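To keep things clear, I will list the structure first and then write my remarks on it.
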Amino acid sequence: MIAIRIENLTKRFGSAVALHGLDLKVEAGELFFLLGPSGCGKTTLLRSIAGFYIPDEGRIFFGDEEVTKLPPHKRNTGMMFQSYALWPHLTVAANVAFGLEERKVPTAEIRRRVGEALESVRMSAYAERKPNQLSGGQQQRVALARALVVRPRCLLLDEPLSNLDAKLRLEMRSEIRRVCKEFKLTTVYVTHDQKEALSISDRMAILESGHILQVGSPRDVYRRPRRKTVANFIGDTDFVPGTVRSLSGESVVVDTPVGVFTGLLGDPTSPPAVGASVTVSIRPECWTLSERMPERNGVRGRIGGSTYLGEIAQYDFRVGETLLKVYELNPRHLGQASTDLYASVAPEDVVILTA
Ligand code: ATP
């Protein structure tokens, strides 16, 4: 197991800057996700780690070894990309053996290691098939075995599941986590899919325009986004403009057009001044509906539209001119459009974001 350390990494394409002086450490054995909107620099960062791009500035370390200028084949990474491109004329076993043959590994050892790799992705029974005799998910498992068989120092995955249908994606994502943990592999995984990242990552980095906006566990990033762009990118949220009334440590009281809220600072390292304009971010599932005015962080309104989804209902909750999204698990307030209701939220679920 090795840690991957990135120091002050800058990559330009002509005059365009794809990565701006990034610093990042992926811990040994960690399943780490790079997440962000299209064009934010995820693939450029992954390809720099793999050695396909040489950065203009900065350094990359695998453990204590600097690899910044090492060509890809000398970095010993395992890779799996969106198009898994197995050789169509070779059997599953021969596809997996390919990287070992290139490395001139003795035949008996190749046979043993291919067997182990196929076993680890539960594809032993398919060793003699050709890729066109496999389902998309099975082909993806073979691609994973091919990445693992070379005993890589780290695993680099770029949208590995985007060609699969929804059901297979779900199945394969937990499979990828299982394999990474079983092999104790340091893994960097690029995706657009926030559910994929939230469900299986140890930690994630959110990128935008070549900058890292936030690094943290799925829970940290979801519950305590530091910036509006992060809150907006991960999950659903409502933003309400407000003005700081008072501050005490990380706790802030904010006046907004829908009421007074006590919440927590998204980024405690840059507290706003009293009177400053801020944005209040509240996720729809954090509200609780009731018939009585709560002691604090409550708003009075009425259900406008509603969408019933079985286990939850999604309401447009109208408070004066403002529409808030409110999700109710095990819905009890459907059909109460003409009744005044109260929605309240715990202070730890109210995130105060500065500009
Ligand atoms: P996506 O999710 O759409 O794959 P991404 O986050 O992986 O996007 P990158 O592919 O890393 O983004 O691209 C980052 C920026 O660098 C983009 O503005 C892109 O247009 C630019 N870029 C990437 N590769 C090249 C290249 N070979 N030549 C010129 N510009 C490039």
Side-chain angles (χ1 to χ4, degrees), residues 4 26 30-35 42-43 45-47 49-52 72-73 75-103 105 109-193 195-197 199-201:
I4 300 173
V26 178
E30 194 170 37
L31 177 48
F32 192 95
F33 272 65
L34 301 176
L35 203 62
K42 306 179 290 291
T43 298
L45 179 52
L46 195 79
R47 292 179 74 87
I49 299 172
F52 296 122
H73 64 276
R75 295 193 187 197
N76 195 22
T77 61
M79 281 177 284
M80 186 169 152
F81 295 144
Q82 187 168 347
S83 55
Y84 25 83
L86 300 175
W87 298 106
H89 59 290
L90 296 181
T91 62
V92 163
N95 263 286
V96 176
F98 194 80
L100 297 179
E101 281 161 2
E102 262 188 338
R103 287 169 168 78
V105 174
E109 192 183 337
I110 291 182
R111 201 171 307 123
R112 187 174 53 76
R113 280 168 62 177
V114 167
E116 281 170 10
L118 287 177
E119 172 96 38
S120 69
V121 299
R122 297 172 178 160
M123 284 296 289
S124 307
Y126 300 85
E128 295 314 316
R129 289 215 191 163
K130 296 275 176 62
N132 66 4
Q133 298 170 310
L134 302 176
S135 72
Q138 289 167 339
Q139 291 185 35
Q140 207 64 333
R141 284 171 192 268
V142 177
L144 187 57
R146 190 175 57 175
L148 294 170
V149 79
V150 298
R151 299 198 179 136
R153 286 200 284 182
C154 56
L155 193 60
L156 306 176
L157 308 175
D158 192 355
E159 300 273 5
L161 307 183
S162 58
N163 285 339
L164 304 182
D165 65 38
K167 190 161 171 285
L168 265 179
R169 287 180 78 119
L170 277 181
E171 184 186 312
M172 276 305 288
R173 76 188 186 199
S174 40
E175 193 65 4
I176 285 180
R177 182 171 171 93
R178 179 187 68 75
V179 168
C180 290
K181 293 297 162 186
E182 195 174 304
F183 283 74
K184 297 188 170 58
L185 270 170
T186 310
T187 303
V188 184
Y189 188 134
V190 164
T191 185
H192 280 102
D193 184 337
K195 288 267 161 56
E196 220 159 275
S199 60
I200 63 165
S201 71

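Excluded from the calculations below are hydrogen atoms, water molecules and symmetry mates; all remaining heavy atoms, backbone and side chain alike, are included. None of these values were measured; they are calculated from a predicted model.
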Self-check item: side chain to side chain contact (heavy atoms under 4.5 Å, CB included) assessment of Arg141 paired with Met172
Solution: CA-CA 8 Å; Arg141 284 171 192 268; Met172 276 305 288; 3.8 Å; yes
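- The existence of a salt bridge linking Lys167 and Glu171 is excluded, since no basic side-chain nitrogen approaches an acidic carboxylate oxygen closer than 4.0 Å.
- Between Val96 and Ala117, the closest heavy-atom pair is CG1-CB, 4.3 Å.
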Quiz item: Do Phe52 and Met79 pass the side chain to side chain contact (heavy atoms under 4.5 Å, CB included) test, and can you show the C-alpha distance, the side-chain angles, and the key distance before you say yes or no?
Solution: CA-CA 12 Å; Phe52 296 122; Met79 281 177 284; 3.5 Å; yes
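- Counted by atom type alone, Tyr189 and Glu196 present one or more donor-acceptor pairs between their side chains at under 3.5 Å.
- Side-chain contact between Ser120 and Glu182: present, with at least one pair of heavy atoms (C-beta onward) separated by less than 4.5 Å.
- Here Phe183 contributes atom CZ and Leu144 contributes atom CG; the two are 8.5 Å apart, rounded to the nearest 0.5 Å.
- From Arg153, atom CZ reaches atom CZ of Arg151 across 15.5 Å, with rounding to the nearest 0.5 Å.
- Counting non-hydrogen atoms of other residues, nucleotides and ligands closer than 6.0 Å to CD of Glu101 gives a total above 12.
- With hydrogens and angles disregarded, a donor-acceptor distance shorter than 3.5 Å links the side chain of Asn95 to the backbone of Leu90.
- Residues Arg129 and Thr91 are not in side-chain contact: their nearest non-hydrogen atoms beyond the backbone lie 4.5 Å or more apart.
- Residues Leu46 and Glu159 have side chains not in contact (no heavy-atom distance under 4.5 Å, counting atoms from C-beta outward).
- Between Ala147 and Val150, the shortest heavy-atom contact is O-CG2, 3.5 Å.
- Nearest heavy-atom pair, Pro131 versus Trp87, reported as atom, atom and distance to 0.1 Å: CG-O, 3.3 Å.
- Looking at Ile200 and Phe33, their side chains come closer than 4.5 Å, going by heavy atoms from C-beta outward.
- Here the closest non-hydrogen pair linking Cys154 and Leu185 is CA-CD2, 4.3 Å.
- Note on Glu116 versus Arg113: no salt bridge recorded, every NZ/NE/NH1/NH2 to OD/OE distance being 4.0 Å or above.
- In terms of heavy atoms, Arg169 sits closest to Asp193 at NH2-OD2, 3.2 Å.
- Between His73 and Arg103, every side-chain heavy-atom pair lies at or beyond the 4.5 Å cut-off.
- Lys181 NZ: more than 12 foreign heavy atoms inside a 6.0 Å radius.
- Asp158 and Arg47 are not joined by a salt bridge, as no carboxylate oxygen comes within less than 4.0 angstrom of a charged side-chain nitrogen.
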Practice problem: Just do the side chain to side chain contact (heavy atoms under 4.5 Å, CB included) check on Ile176 and Leu157 with the steps written out, would you? | Solution: CA-CA 10 Å; Ile176 285 180; Leu157 308 175; 3.8 Å; yes
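- Side chains of Leu155 and Thr77 form no contact here, defined as non-hydrogen atoms less than 4.5 Å apart.
- Side-chain contact between Arg146 and Met80: absent, with no pair of heavy atoms (C-beta onward) separated by less than 4.5 Å.
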Quiz item: Do Val142 and Met123 pass the side chain to side chain contact (heavy atoms under 4.5 Å, CB included) test, and can you show the C-alpha distance, the side-chain angles, and the key distance before you say yes or no?
Solution: CA-CA 7 Å; Val142 177; Met123 284 296 289; 3.9 Å; yes
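- Within the 4.5 Å cutoff, the side chain of Tyr126 has heavy atoms near those of the Gln138 side chain.
- For the residue pair Arg173/Ser199, the side-chain donor-acceptor check at 3.5 Å is satisfied.
- Atom CG of residue Leu34 and atom NE2 of residue His192 lie 12.0 Å apart, to the nearest 0.5 angstrom.
- For Gly115 against Ser124, the heavy-atom pair with the smallest separation is O-OG, 4.5 Å.
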